[in-house]
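Only one structure is covered here, and it is reproduced in the block below.
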Amino acid sequence: MNERLAAKFEEIGQMLELLGANKFRVIAHEKAARVIRDLPGDVGELASDRERLLALDGIGAKQADKIAEFVETGDIGEHAELRAKVPAGLLDVLSVPGVGPKTVKAMWEQLGVTDLASLQRALDDGSVTQLPRMGAKSVERIKASLKFLESGGSRLPIGVAMPVAERLVAMLREVEGVAQAEFAGSLRRGVETIGDIDILACVENDEAAARAHKALREGVVDVVGSGETKTSVRVSLERNFGRWKGHEEATGPTVQVDLRTVPGESFGAALMYFTGSKAHNVALRERAQKQKLTLNEYGLFPDDGKSEGSPQSRGVKPVAGKTEGEIYKKLGVAVVPPELREDRGELDADLPGVIELEDIKAELHAHTTESDGEMALAELVRRAHERGFHTIAVTDHSKSATVANGLSPERLKKQRAEIERLHEQLDADGVEIDVLCGSEVDILADGSLDYDDDVLAALDFIVASPHAALSQDTKTATKRLLRAIEHPLVHVIGHPTGRLIGRRAGLEPAMGELFAAAKEHDVALEINAHWMRLDLRDTHVRAAGEAGVKIAIDCDVHAPADFDNLRYGVLTARRGWLPKDLCVNAMTRAQLRAWVRSKRS
DNA sequence: GCCGTTTTCGGCCCGACTGTTTTCAGTCG
C-alpha cells in the first residue's frame with residue numbers, strides 16, 4: 001500500500017510539473033511520496049488517525065486528505081483528473097536521463113510527443129531540433145539514454161556493486177599522492193540497490209589527481225568522460241571477480257563509476273555531499289542556514305553578508321570541511337552514520353548506538369550437504385568458528401522442500417546423532433562453539449509448519465520460513481505468518497516476506513500485526529542478509545525495533561562465501577536503526593542459550 | 001503545498017556541468 005500510494009503522489013507531482021504548476025507544489029508532492037515510502041508501518045494502519053498523519057514532516061492538511069481518500073477508495077481524485085490531462089506515456093519520457101520536465105513539456109506541446117515511441121520518432125526524423133536549445137549533441141545524448149534504458153538500465157543489487165567499488169578504491173589508494181579514497185553515494189549508505197558508483201579521492205596536488213584519473217581510465221570497458229576533477233567510466237561486471245586488467249571488449253553488463261578528486265581541506269564536505277542522501281543534505285543545509293552558515297561540497301562557511309557567487313570563490317574561510325565529523329559538530333548535531341542519512345528524523349533524534357558488524361557472534365540459519373548446502377556439517381561448523389562465532393545453527397530444509405532435498409524426520413534424527421558426535425569431537429579438540437540442531441521449516445500456505453510438533457520439539461532451534469505461495473493477498477499472508485509466529489516452538493521467522501529484490505515482490509502482510517505478535521511471543525524476525533533478499537527491509541526493521549521485536553541477522557549460508565553477506569544484513573539493520581541489544585546474533589553465548597531454551601520448557 | 005528561534009505570509013539548498021548561447025536555461029545529484 002505504501003509503495004502504491006507513494007507512486008500516486010510522485011505521479012501527481014510529475015503531472016503538475018508537466019502542466020507548469022508551482023515548483024514548490026511539485027516538491028511538496030515528491031516529499032510526501034518519500035515520507036510515505038519510508039513509513040515504517042503500513043499507511044493503511046495510520047490513515048484513520050488524522051493527527052498522526054499531520055504530525056509527519058511534509059504532510060499537511062491537503063496531503064492528509066489525499067492519503068485518507070486513497071486508503072478509503074484506492075485512488076485519489078486529483079490523480080485521476082490530472083491523468084485525464086497528461087498522457088501516461090509522458091511520465092516514461094520524463095524518466096529518460098537528461099530529459100527533464102521543461103524538455104518533456106516542450107516536446108509534448110510542440111511536437112506531440114506522448115510516449116517513448118513518439119520520442120524515438122521525433123529523434124529519428126530530426127523534428128526535435130525545432131525545439132530551442134536542442135542541438136545535435138543533445139539529440140545524441142537522448143538517443144544514448146533511450147538505448148541505455150532499453151538495455152535494462154536498472155539499478156544493481158548492492159552485493160554486485162560493492163566488490164567492484166572496493167576493488168577500485170583499493171587500486172586508487174595505491175596511487176602516489178592519493179591520501180584517501182572512499183566510495184560514497186547510495187552504496188556507502190547501504191541502500192539495497194545502487195544506480196552508479198561514486199568514488200572520492202583526496203589528492204595532494206594536481207599531478208596526483210591526474211594520476212588517479214589515469215589509473216581509473218586504464219583497463220575499463222569504456223571511458224564516458226574525463227576531466228581534471230571528474231572521470232566517468234563504465235566497468236564490466238563480468239570481470240568483477242577476476243583480474244582487473246586488459247582492454248578486451250566486454251559485451252556483458254557494466255556499471256558506471258564516477259571518480260572525483262578533491263583537496264584535503266574539503267574532503268569531508270565533499271564526502272558528505274556525495275554520500276547524500278539528497279534529502280539529508282537539504283535538511284543539513286537548511287539547518288546551516290538558520291545558523292547563518294552556508295554548507296556546500298567545499299565546506300561549511302560563515303555568512304559574510306554577501307551573496308555574489310559561492311563563499312569559497314569570495315575567499316571566505318570555512319569553519320569546517322576536512323572531515324564529516326567536524327561539520328556535524330559545528331552544526332550542533334550528532335555525527336550521523338552514513339546508513340542513517342535519509343532524512344528520516346536522524347537530525348532531531350537521540351540517535352541510538354546502532355549495531356556493528358563486529359557485534360555479530362552467531363549464525364542462526366545455515367544449510368549443509370544434507371539439503372541444498374555445499375558444505376558438510378564439519379566444514380560449516382569449522383568456518384563458523386573461524387569467523388569467531390560462538391554459535392552456529394544447522395537448519396537444513398524441511399520435507400516439503402523437495403527441490404532443495406528437504407530432510408525427512410528420519411534423516412533429521414540421523415543428523416541429530418551426527419551433531420552430537422561432532423560435539424564430542426569438538427570438546428575433545430578444545431573447540432568452543434555451540435552447534436544447534438535445527439531446521440528451516442516451511443511455513444505452508446495455511447500457516448501450519450512442515451513437521452509435526454513432536455519432530456519440532458526434538459530440535460534445538462527452529463527457523464520457520466515461507467517459500468511457496470508468495471502471491472497471497474495481504475489478509476491471507478498476515479494470517480499465515482501470524483500462525484507461525486504464535487507457534488510455541490518457533491524461534492525465528494526467516495525472510496518473512498519472501499521477496500527477491502528486483503524479481504519478486506513477495507508477501508505484503510500487515511507488518512504492524514506481525515511485530516505485535518512477534519513481541520508478544522518472543523519470536524525474532526530475520527533480516528536475511530543475502531543481497532538478493534534483504535528481507536526484512538530497512539523500514540521494517542525500524543518499525544520492528546520501535547516495537548521492541550527481536551531481530552535475527554542471518555546469512556542463510558549455503559556456501560562458504562555466503563558468510564561474507566553478513567555485511568549487507570548489518571547495513572540493512574543499521575538503516576533500520578537497530579540497536580545491538582535487540583539482535584539475537586549479538587547476544588552472548590549465555591544469553592542466546594537462555595533464549596533458545598526458553599522455547600523448549 | 002508545507003511550514004515557523006524573525007514569519008500564519010513569504011519564503012522554500014547549493015553548485016557544477018552541458019550545450020547552446022552571446023548571458024543562460026535545463027538537468028543533475
Side-chain angles (χ1 to χ4, degrees), chain A residues 9 12-13 16-17 21-35 53-67 78 93-107 128-129 131-142 144-145 184-189 191 194-198 200 224-232 256 258 260 262 266 269-301 303 307-314 331-332 341 343:
Chain A
F9 270 96
I12 290 174
L16 284 170
E17 192 163 32
N22 176 295
K23 67 172 175 170
F24 295 106
R25 225 179 123 200
V26 174
I27 291 171
H29 282 89
E30 287 170 355
K31 173 150 192 180
R34 188 172 56 77
V35 168
L53 278 181
L54 290 172
L56 295 171
D57 186 40
I59 305 295
K62 292 215 173 108
Q63 310 288 44
D65 287 344
K66 288 180 220 172
I67 292 171
E78 184 184 3
V93 177
L94 193 56
S95 72
V96 177
V99 180
K102 297 280 167 60
T103 311
V104 174
K105 190 163 188 282
M107 286 174 170
V128 283
T129 54
L131 299 178
R133 312 186 75 87
M134 186 63 69
K137 283 199 174 177
S138 298
V139 172
E140 283 315 305
R141 208 160 44 96
I142 296 170
S145 292
S186 50
L187 191 58
R188 183 160 177 249
R189 300 201 312 280
V191 179
I194 65 115
D196 56 15
I197 297 173
D198 290 311
L200 211 60
V224 181
S226 190
E228 286 177 17
T229 62
K230 180 181 171 184
T231 291
S232 297
Q256 176 154 336
D258 293 340
R260 288 160 221 268
V262 295
S266 56
L271 187 57
M272 177 183 268
Y273 171 75
F274 287 111
T275 297
S277 68
K278 188 179 171 183
H280 177 82
N281 286 347
V282 168
L284 271 180
R285 286 171 180 193
E286 284 172 347
R287 192 156 297 231
Q289 221 180 21
K290 282 178 190 157
Q291 299 172 34
K292 303 235 178 288
L293 295 163
T294 300
L295 176 63
N296 62 30
E297 57 266 51
Y298 297 94
L300 184 63
F301 297 88
D303 191 353
S307 59
E308 285 295 300
S310 53
Q312 68 275 10
S313 67
R314 296 195 298 269
L331 287 171
R341 299 180 194 171
D343 191 28

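Per chain, numbering begins at 1; letters A, B, ... match sequence-line order. These values consider heavy atoms only, across backbone and side chains, with no hydrogens, waters or symmetry-generated copies. What you are looking at is a predicted structure, and each value in this text was computed from that prediction instead of being measured.
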Closest contact, heavy atoms only, Asn281(A) versus Gly276(A): ND2-CA, 3.6 Å
C1'-based separation of dC9(B) from dG19(B) [nearest Å]: 39 Å
Touch class at under 4.0 angstrom, heavy-atom based, for Leu56(A) against every strand present: sugar-phosphate
Distance, P atom - from dG1(B) to dT7(B), rounded to whole angstrom: 26 Å
Candidate pair Leu200(A) and Arg188(A), rule side chain to side chain contact (heavy atoms under 4.5 Å, CB included), full reasoning: CA-CA 11 Å; Leu200(A) 211 60; Arg188(A) 183 160 177 249; over 6 Å; no
Upstream residue (5' side of DNA chain B) when Thr294(A) and Gly135(A) are each assigned their closest nucleotide: Thr294(A)
Whole angstrom value for the distance that separates P of dC2(B) from CG of Leu16(A): 12 Å
For Lys31(A), side-chain hydrogen bond (donor to acceptor under 3.5 Å, both in side chains) partners two or more places apart: Asp57(A)
Same-atom distance (C1') from dG15(B) to dG10(B), integer angstrom: 24 Å
Touch class at under 4.0 angstrom, heavy-atom based, for Lys66(A) against every strand present: sugar-phosphate
B/S/- contact track for nucleotides 21-29 of chain B, protein heavy atom under 4.0 Å: ---BBSSSB
Nucleotide nearest Lys292(A) (side chain, heavy atoms from C-beta), chosen from dC17(B), dG1(B), dT6(B): dT6(B)
Is_stacked (Phe24(A), dC2(B)) at 5.5 Å, 30 deg: no
Atom-pair distance (CZ on Arg34(A); P on dG1(B)), nearest Å: 19 Å
Nearest heavy-atom neighbours spanning Phe274(A) and Asp198(A): O-OD2, 4.4 Å
Gln289(A) side-chain N/O to dG11(B) phosphate OP1/OP2 under 4.0 Å: no
Nucleotide opposite dT8(B) in a Watson-Crick or G-U pair, distances under 3.5 Å: none
Separation of the P atoms in dC12(B) and dT6(B), to the nearest angstrom: 15 Å
Beyond-backbone contact of Arg189(A) with Ser277(A), side-chain heavy atoms, under 4.5 angstrom: yes
Distance in angstrom units between Ile67(A) CD1 and dG1(B) P, rounded: 13 Å
Minimum-distance pair of heavy atoms, taken over all atoms of Met272(A) and Arg341(A): CA-NH1, 4.3 Å
Presence of Tyr298(A) side-chain N/O under 4.0 Å of dA16(B) phosphate oxygens OP1/OP2: yes
Between P of dT6(B) and CD of Glu286(A), the distance in whole Å: 15 Å
Touch class at under 4.0 angstrom, heavy-atom based, for Leu284(A) against every strand present: nothing
Any Ser138(A) side-chain N or O less than 4.0 Å from OP1/OP2 of dT20(B): yes
Distance-minimising heavy-atom pair for Val26(A) and Gly13(A): CG1-O, 3.5 Å
Touch class at under 4.0 angstrom, heavy-atom based, for Asp57(A) against every strand present: sugar-phosphate
Residue-phosphate contact under 4.0 Å: Asn296(A) side-chain N/O, dG15(B) OP1/OP2: yes
Rounded C1' spacing from dC13(B) to dG29(B) in Å: 12 Å
Interatomic distance, Lys230(A) NZ vs dC17(B) P [rounded to whole Å]: 8 Å
Nearest-angstrom distance from the residue atom NZ of Lys137(A) to P of dC17(B): 15 Å
P spacing across the pair dC28(B) / dT20(B), given as an integer number of angstrom: 16 Å
Touch class at under 4.0 angstrom, heavy-atom based, for Ala32(A) against every strand present: nothing
d(CZ, Arg25(A); C1', dC3(B)) in whole Å: 17 Å
Glu30(A) with Lys278(A): basic N within carboxylate O range, under 4.0 Å: no
P-based separation of dT21(B) from dG26(B) [nearest Å]: 13 Å
Nearest-Å distance for atom pair CZ/C1', residues Arg314(A) and dC14(B): 12 Å
Close side-chain approach of Phe9(A) to Gln63(A), heavy-atom, < 4.5 Å: yes
Sugar-phosphate only, base, or nothing, as touched by Ala136(A) at under 4.0 Å among non-hydrogen atoms: sugar-phosphate
